[in-house]
There are 2 protein chains.
Amino acid sequence: MATYQSDDGWNALGDPTRRAIVACLAERPRAVGELADELPISRPAVSQHLKVLKEAGLVTDHATGTRRVYRLNPAGVAALRDQLDTFWSRALDNYRDVAEQPAESANESPNEEFQ
Amino acid sequence: MATYQSDDGWNALGDPTRRAIVACLAERPRAVGELADELPISRPAVSQHLKVLKEAGLVTDHATGTRRVYRLNPAGVAALRDQLDTFWSRALDNYRDVAEQPAESANESPNEEFQ
DNA sequence: ACGAACGGTAAGCTACGACTTACCGAGCAC
DNA sequence: GTGCTCGGTAAGTCGTAGCTTACCGTTCGT
């Protein structure tokens, strides 16, 4: 369960409107209509965005009467953050070797993949 | 100087090809042609993606003769990660209050709107 | 029961982004 | 110098993401 395809997560956050929705939901849970009131788009558009965010595991929804309350899913956000952490630390590790290499060395050697 | 518009960063990572480029660069710095060899797109396409990534502050470039080596910019990655951290912690903080105090200001429905 | 509120879905339009080929300038080797 | 490699840019095509309006089912209040 909860194997969030992080790929979908990045795609979901790639849209500024969806980031606005995420920011709204970070403050407090909201119903669809509430979100639509605070955003310059129609309610169906919000609904479509929420569907994408839900499939990406970034939000969860909960029906209450006719209302449907969406809230941020911290686990989904944490998954993306962890992936960024991986990129970050991996880059630092792998670059440490070549960091001091002035080089560009380029070494004239026909084989160099670095710098 | 680190005034990376994080908004551009999200947009940049919203494209799967650009994420592939970032993953490639996390391993080691690469020239444009090298990246194009490992990706199923043409070299000009890679060049255009690198431009977006560079403007987002996620990569830096460095000319070496006719080659132009791109490398991941840890600061840009960290900026995005920090923003995710903010979302994450803010959601946790705000939801904790709400979880124990069901009363919503706008709506007096005293029942479970949450979880 | 009826009607209103809430929200998800369908259909359609439009705009933008990702890719291509073609072209250009800049460095290095000879 | 000439020629070759590398890479950025221009111009153009095409797919798709995001938005709209219209419609429908569900749920609650009366």
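Quick note on labels: first sequence line is chain A, next is B, and so on, each numbered from 1.
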Taking [atom1] from [X] and [atom2] from [N], how many angstroms apart are they, rounded to a whole number?
X	N	atom1	atom2	answer
A/Glu34	C/dC6	CD	P	10 Å
B/Asp8	C/dG17	CG	P	11 Å
B/His62	D/dG7	NE2	C1'	16 Å
B/Glu55	C/dG17	CD	P	12 Å
B/Leu35	D/dG7	CG	P	9 Å
A/Asp37	C/dG7	CG	C1'	13 Å
B/Asp61	D/dT9	CG	P	10 Å
A/Arg43	C/dA5	CZ	P	13 Å

So which atom in A/Glu38 and which in A/Cys24 form the shortest heavy-atom distance, rounded to 0.1 Å? OE1-SG, 3.6 Å
Using atom names, set out every protein N or O paired with an N or O of nucleotides 12-19 of chain D below 3.5 Å, distance rounded to 0.1 Å.
unit_1: D/dG18; atom_1: OP1; unit_2: A/Asp15; atom_2: OD1; d: 3.2
unit_1: D/dG18; atom_1: OP1; unit_2: A/Arg18; atom_2: NH2; d: 3.0
unit_1: D/dG18; atom_1: OP2; unit_2: A/Arg18; atom_2: NH1; d: 3.1
unit_1: D/dG18; atom_1: OP2; unit_2: A/Arg18; atom_2: NH2; d: 3.4
unit_1: D/dC19; atom_1: OP1; unit_2: A/Thr17; atom_2: OG1; d: 3.2
unit_1: D/dC19; atom_1: OP2; unit_2: A/His49; atom_2: NE2; d: 2.1

Which of C/dT9, D/dG7, C/dG7 is nearest the side chain of A/Val32? It is C/dG7
Side chain of B/Pro44 (C-beta onward), nearest among C/dT21, D/dC6, C/dG8: C/dT21
Classify B/Arg68 by what it touches in the nucleic acid, base, sugar-phosphate, or nothing, heavy-atom distance under 4.0 Å. sugar-phosphate
Check this for me, if you would: do A/Glu34 and A/Arg67 make a salt bridge, where the nitrogen-to-carboxylate-oxygen distance has to be below 4.0 angstrom? yes
Are A/Thr66 and D/dT27 close enough that a side-chain N or O sits under 4.0 Å from OP1 or OP2? no
Is the shortest side-chain N/O distance from A/Tyr70 to OP1 or OP2 of C/dG8 below 4.0 Å? yes
Is any side-chain heavy atom of [X] less than 4.5 Å from a side-chain heavy atom of [Y]?
X	Y	value
B/Leu58	B/Leu80	yes
A/Leu25	A/Leu35	yes
A/Leu72	A/Thr60	no

Partner of A/Lys51 under side chain to side chain contact (heavy atoms under 4.5 Å, CB included), picked from A/Glu55, A/Gln48, A/Lys54, is A/Glu55
For residues 39-50 of chain A, which residue pairs qualify under salt bridge (Lys or Arg N to Asp or Glu O under 4.0 Å), counting only residues two or more places apart or in two chains? none
Polar side-chain contact B/Arg67-D/dG7 base: donor and acceptor under 3.5 Å: no
